[in-house]
Amino acid sequence: MTIKAPRGTNDILPPASFKWNYIEERAHEICRRYNYQEIRTPIFEHTELFARGIGEATDIVQKEMYTFTDKGDRSITLRPEGTAPVVRAFLEHKLYGKALPKKFFYFGPMFRYERPQAGRYRQFHQFGVEVIGSDAPDVDVEIIMLGIDFIEEFGFKDYYVEINSIGCSECRPPYLEELKAYLSGKEDLCENCQERLKTNPLRVLDCKSPVCQEIVSEAPVITEHLCPVCQENFNQVKEGLKKLNLDFRKVPTLVRGLDYYTNTVFEVKSDELGAQDAIFSGGRYNGLLEEIGDRDIPATGFALGLERLEILLEEEAREFGDDLQVYITTIGEEAEAESLDILHRLRKAGYSADRDYGGRSVGSQMKDADRKNSRYCLIIGSEELKAGEATLRDMKSGEEEAVPLDGILEYMSKVFEPGL
Ligand code: HAM
């Protein structure tokens with residue numbers, strides 16, 4: 001029986017991998033411009049980090065984590081997201097002692113046991129940013145703009161931005177009481193929401209069931225219950241986004257699926273994505289560092305689903321590939337033996353170079369060069385070898401000329417700059 005990849009995971013094969021590399025390069029470039037630095041954290045962490053960080057009552061912790069006991073009898077979880085690990089690393093390495101805020105970015109696979117569908121996988125990849133150590137509304141504006149600049153880098157404009165504020169530990173509890181009072185009389189709420197009402201009433205607000213949505217449309221609105229500090233903070237975020245001409249919708253039912261959020265939360269979506277429409281999403285999490293490490297340090301961030309961005313990019317994956325610069329075609333055993341050294345010298349000098357290893361005919365080798373999109377073909381035959389020469393064929397124009405084999409690198413440097 002053949003073994004297949006587990007459900008909800010994807011192999012990223014060439015040429016699709018060219019596209020992934022290109023996307024990651026652009027993300028690095030955007031982060032350089034915004035002065036964010038890369039952080040890499042382990043793929044697995046102690047389960048407790050996510051249980052406490054994301055929240056015991058969330059779907060992620062309740063139903064979606066890949067949790068196992070390791071050989072040392074520890075409960076370990078494959079990370080379902082990147083924020084809690086970044087915060088853990090920040091606290092563990094006492095980065096709060098240095099100039100704040102710290103601005104991080106990361107890439108990597110995340111794991112959630114969800115029902116797979118287009119744009120939703122069990123192993124997926126995020127590009128995320130986290131800014132730890134500032135509660136300035138301009139930082140919320142900055143991260144949203146970073147994400148927008150990133151997706152616009154690919155010429156993608158068909159998105160919309162939704163924002164909300166879910167208040168702080170002062171103003172949210174009284175709001176939740178009011179919300180609970182309103183919802184508790186509503187027997188038509190779906191089964192899930194009856195449960196959420198007890199454990200996580202805020203999540204009732206973003207239930208997809210039409211009946212629940214109808215009920216929610218009359219529910220008390222959180223932004224009308226913010227304390228003056230949260231209200232002012234949210235106003236400044238909105239002002240900042242307006243100043244930068246970013247259109248956004250205020251969506252009072254936007255509450256997010258992770259418990260650590262406070263104040264401004266946002267999702268950037270596209271109708272082109274179908275049901276899984278969020279390209280990137282995040283928000284402020286001013287209470288998370290307290291929860292994990294007893295430090296009252298504010299923070300904000302977002303994560304973007306790279307599979308979803310990849311779906312949105314229409315360009316053919318091949319367009320992102322590096323074409324081969326030189327393909328060596330050999331005629332006869334002697335030439336084939338000689339090509340080993342020439343190929344190695346070309347590669348050491350920075351050229352992308354390749355050859356055939358199957359002892360195939362010249363015609364097949366030329367076809368292979370074509371398939372590999374090689375810019376030039378260096379043809380070495382036994383006669384030419386005796387004269388210390390080879391034929392360089394321009395694969396675009398078809399022109400050919402004789403080049404000296406011992407001066408090949410010098411010659412190639414006139415044709416290309418190494419490594420380009
Ligand atoms: P999240 O909304 O759970 O937030 O995920 C962020 C993004 O990851 C989503 O908008 C989506 O693009 C992508 N995503 C999530 N789940 C899947 C999946 N199963 N398959 C494919 N893509 C998926 C977080 O993870 C937070 N850590 C974001 C954050 C950072 N908040 C503050 N800082």
K.L.:
Taking Q62 for the side chain and E56 for the main chain, is one N or O donor matched with an acceptor at less than 3.5 Å?
P.N.:
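Confirmed, Q62 side chain pairs with E56 backbone.
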K.L.:
Does any part of the side chain of D59, heavy atoms only, come nearer than 4.5 Å to the side chain of E64, both counted from C-beta?
P.N.:
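E64 vs D59: side chains touch.
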K.L.:
Keeping T41 on the side-chain end and P85 on the backbone end, is there a donor-acceptor pair under 3.5 Å?
P.N.:
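No, the answer is negative, given that no donor and acceptor are paired below the 3.5 Å cut-off.
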K.L.:
Please report the closest heavy-atom contact between I151 and F280, naming both atoms and the distance.
P.N.:
CD1-CE2, 4.2 Å
K.L.:
Considering all heavy atoms of both residues, which atom of P137 and which atom of Q236 are nearest to each other, and what is their separation?
P.N.:
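Heavy-atom minimum between the residues: CG-OE1, 3.3 Å.
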K.L.:
Please report the interatomic distance CD(E48) to OG(S75), rounded to the nearest 0.5 Å.
P.N.:
9.5 Å
K.L.:
Are F150 and F127 an aromatic pair by the rule of ring centers under 6.0 Å?
P.N.:
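Yes, ring centres under 6.0 Å apart.
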K.L.:
Measure the spacing between CZ of F154 and CD of E310 and express it to the nearest 0.5 Å.
P.N.:
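So the gap between those two atoms works out to 10.5 Å.
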K.L.:
Out of T264, D140, T300, which one pairs with R284 under the side chain to side chain donor-acceptor pair (under 3.5 Å) rule?
P.N.:
D140
K.L.:
Determine, stepwise, if the pair Y121 / N10 fulfils side chain to side chain donor-acceptor pair (under 3.5 Å).
P.N.:
CA-CA 8 Å; Y121 310 102; N10 294 299; 4.9 Å; no
K.L.:
Would you say the side-chain atoms of R32 pair up with the backbone N or O of A27, donor to acceptor, closer than 3.5 Å?
P.N.:
no
K.L.:
So which heavy atom on R122 is nearest to which on P116, and how close?
P.N.:
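What the structure gives for the nearest pair is NH2-CD, 3.6 Å.
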K.L.:
Taking only residues two or more places apart in sequence or in another chain, which ones pass ring pair (Phe, Tyr, Trp, His ring centres under 6.0 Å) with F234?
P.N.:
none
K.L.:
I'd like to check K242 versus F248 (side-chain heavy atoms, cut-off strictly below 4.5 Å). Are they in contact?
P.N.:
yes
K.L.:
Can you find a heavy atom in the side chain of I380 that is under 4.5 Å from one in the side chain of E336?
P.N.:
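Side-chain contact under 4.5 Å: no.
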K.L.:
Heavy-atom count around R115 CZ within 6.0 Å, excluding the residue itself: above 12?
P.N.:
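It does not: R115 CZ has 12 such atoms or fewer within range.
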K.L.:
Looking only at the side chains, is there a donor atom on one of D149 and Y34 sitting less than 3.5 Å from an acceptor on the other?
P.N.:
yes
K.L.:
What's the spacing between Q276 CD and E307 CD if we round to 0.5 Å?
P.N.:
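Q276 CD to E307 CD: 12.0 Å, rounded to 0.5 Å.
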K.L.:
Between T77 and Y66, is any side-chain donor less than 3.5 angstrom from a side-chain acceptor?
P.N.:
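Result is no, nothing qualifies.
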K.L.:
Got a sec, which residues hit ring pair (Phe, Tyr, Trp, His ring centres under 6.0 Å) with Y160, two or more places apart in sequence or on another chain?
P.N.:
none
K.L.:
Answer yes or no: is there an ion pair linking E401 with R393, defined by an N-O contact shorter than 4.0 Å?
P.N.:
no
K.L.:
Looking only at non-hydrogen atoms, find the nearest pair between Y106 and A303 and report the distance.
P.N.:
OH-CB, 4.2 Å
K.L.:
Cut-off 3.5 Å, side chains only: do E130 and Y36 have a donor facing an acceptor?
P.N.:
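There is no such pair between these side chains.
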K.L.:
Is it true that a side-chain atom of R112 and a backbone atom of P80 form a donor plus acceptor pair closer than 3.5 Å?
P.N.:
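Checked: pair present.
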K.L.:
Please determine whether side chain to side chain contact (heavy atoms under 4.5 Å, CB included) holds for the pair I132 and Y285, giving the CA-CA distance in whole Å, both sets of side-chain angles, and the decisive distance to 0.1 Å.
P.N.:
CA-CA 9 Å; I132 306 181; Y285 48 95; 4.2 Å; yes
K.L.:
Apply side chain to side chain contact (heavy atoms under 4.5 Å, CB included) to residues Y159 and I148 and explain how you reach the verdict.
P.N.:
CA-CA 9 Å; Y159 60 79; I148 294 292; 3.4 Å; yes
K.L.:
Which class fits the ring pair F68 and F44: parallel under 30°, tilted 30 to 60°, perpendicular over 60°?
P.N.:
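Perpendicular: the ring planes of F68 and F44 meet at over 60°.
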K.L.:
Just so I know, are the side chains of I297 and F90 near enough to count as touching, which here means a heavy-atom distance under 4.5 Å?
P.N.:
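With C-beta onward as the side chain, the pair touches.
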K.L.:
Quick check against the 3.5 Å criterion: does S270 have a side-chain atom that pairs as donor or acceptor with the backbone of D158?
P.N.:
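At least one qualifying donor-acceptor pair exists.
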K.L.:
Quick one: CG on D11 to OG on S17, what's the gap to the nearest 0.5 Å?
P.N.:
11.0 Å
K.L.:
Side chains of E81 and T83 only: does a donor on one sit below 3.5 Å from an acceptor on the other?
P.N.:
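There is such a pair between these side chains.
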K.L.:
Would you say S134's side chain and P101's backbone share a donor-acceptor pair under 3.5 angstrom?
P.N.:
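Looks like no, no N/O pair under 3.5 Å.
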K.L.:
Treating S217 as the side-chain partner and E214 as the backbone partner, does any N or O pair qualify as donor plus acceptor under 3.5 Å?
P.N.:
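Side chain of S217 to backbone of E214, a donor-acceptor pair under 3.5 Å: yes, one is there.
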K.L.:
Applying ring pair (Phe, Tyr, Trp, His ring centres under 6.0 Å), can you list everything that pairs with F104, at least two apart in sequence or on another chain?
P.N.:
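With neighbours one apart ignored, the set is empty.
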K.L.:
Do R375 and D394 sit within salt-bridge range, that is, some charged N less than 4.0 Å from a carboxylate O?
P.N.:
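Answer for the salt bridge query: yes.
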K.L.:
Are any side-chain N or O atoms of K102 and backbone N or O atoms of A99, one a donor and one an acceptor, separated by less than 3.5 Å?
P.N.:
yes
K.L.:
Considering only NZ, NE, NH1 and NH2 on the basic side and carboxylate oxygens on the acidic side, decide whether R40 and E38 come within less than 4.0 Å.
P.N.:
yes
K.L.:
With H28, which residues qualify under ring pair (Phe, Tyr, Trp, His ring centres under 6.0 Å), at least two apart?
P.N.:
F105, F107
K.L.:
Roughly how far apart are L202 CG and D259 CG, rounded to 0.5 Å?
P.N.:
8.5 Å
K.L.:
Rounded to the nearest 0.5 Å, how far apart are CD1 of I222 and CG of L179?
P.N.:
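Output value for this atom pair is 8.5 Å.
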K.L.:
Is the shortest side-chain heavy-atom distance between E45 and I76 below 4.5 Å?
P.N.:
no
K.L.:
Below 4.5 Å, heavy atoms only, C-beta onward: do K63 and E114 meet side chain to side chain?
P.N.:
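No, too far: nothing below the 4.5 Å cut-off.
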K.L.:
Over all heavy atoms of both residues, which pair between L405 and A390 is shortest? Give the atoms and the distance, please.
P.N.:
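For L405 versus A390, the nearest heavy atoms are CD2-CB, 3.8 Å.
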K.L.:
When you measure from the side chain of N286 to the backbone N and O of A299, does any donor-acceptor pair fall under 3.5 Å?
P.N.:
yes
K.L.:
Does some side-chain heavy atom of V268 sit less than 4.5 Å from a side-chain heavy atom of F302?
P.N.:
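In short, these two side chains do not touch, never coming nearer than 4.5 Å.
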K.L.:
Go through the steps to decide whether T329 and L378 satisfy the test side chain to side chain contact (heavy atoms under 4.5 Å, CB included), and finish with yes or no.
P.N.:
CA-CA 6 Å; T329 297; L378 190 68; over 6 Å; no
K.L.:
Verify side chain to side chain contact (heavy atoms under 4.5 Å, CB included) between H46 and R88, making sure each step is shown before the conclusion.
P.N.:
CA-CA 11 Å; H46 291 292; R88 197 258 318 128; over 6 Å; no
K.L.:
Show me the donor-acceptor pairs, under 3.5 Å and distance only, between side chains in residues 161-170 and residues at least two apart or in other chains.
P.N.:
{"from": "E162", "atom 1": "OE1", "to": "K269", "atom 2": "NZ", "distance (Å)": "3.0"}
{"from": "N164", "atom 1": "ND2", "to": "V251", "atom 2": "O", "distance (Å)": "3.4"}
{"from": "N164", "atom 1": "ND2", "to": "P252", "atom 2": "O", "distance (Å)": "3.1"}
{"from": "N164", "atom 1": "ND2", "to": "L254", "atom 2": "O", "distance (Å)": "2.9"}
{"from": "S165", "atom 1": "OG", "to": "G167", "atom 2": "N", "distance (Å)": "3.3"}

K.L.:
Thinking salt bridges, do K367 and D370 make one under a 4.0 Å N-O criterion?
P.N.:
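No, K367 and D370 are not salt-bridged.
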K.L.:
Return the set of residues passing side chain to side chain donor-acceptor pair (under 3.5 Å) with E239 (not counting sequence neighbours), or none when no residue passes.
P.N.:
none
K.L.:
Measure the shortest side-chain to side-chain distance between Q126 and F124 over non-hydrogen atoms and say whether it is less than 4.5 angstrom.
P.N.:
yes
K.L.:
Nearest heavy-atom pair of G282 and R256: which atoms, and what distance?
P.N.:
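That would be O-NE, 3.7 Å.
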K.L.:
Checking the side chain of S184 only, and the main-chain atoms of K180 only, is there a donor and an acceptor separated by less than 3.5 Å?
P.N.:
yes
K.L.:
Is R295 salt-bridged to E290, going by a charged N under 4.0 Å from an acidic O?
P.N.:
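So R295 does not pair with E290 through a salt bridge.
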K.L.:
Look at the rings of Y351 and F416 and say which category their plane angle falls in: under 30° parallel, 30 to 60° tilted, over 60° perpendicular.
P.N.:
tilted
K.L.:
Less than 4.0 angstrom from a charged side-chain N to a carboxylate O is my criterion; do R26 and E29 meet it?
P.N.:
no
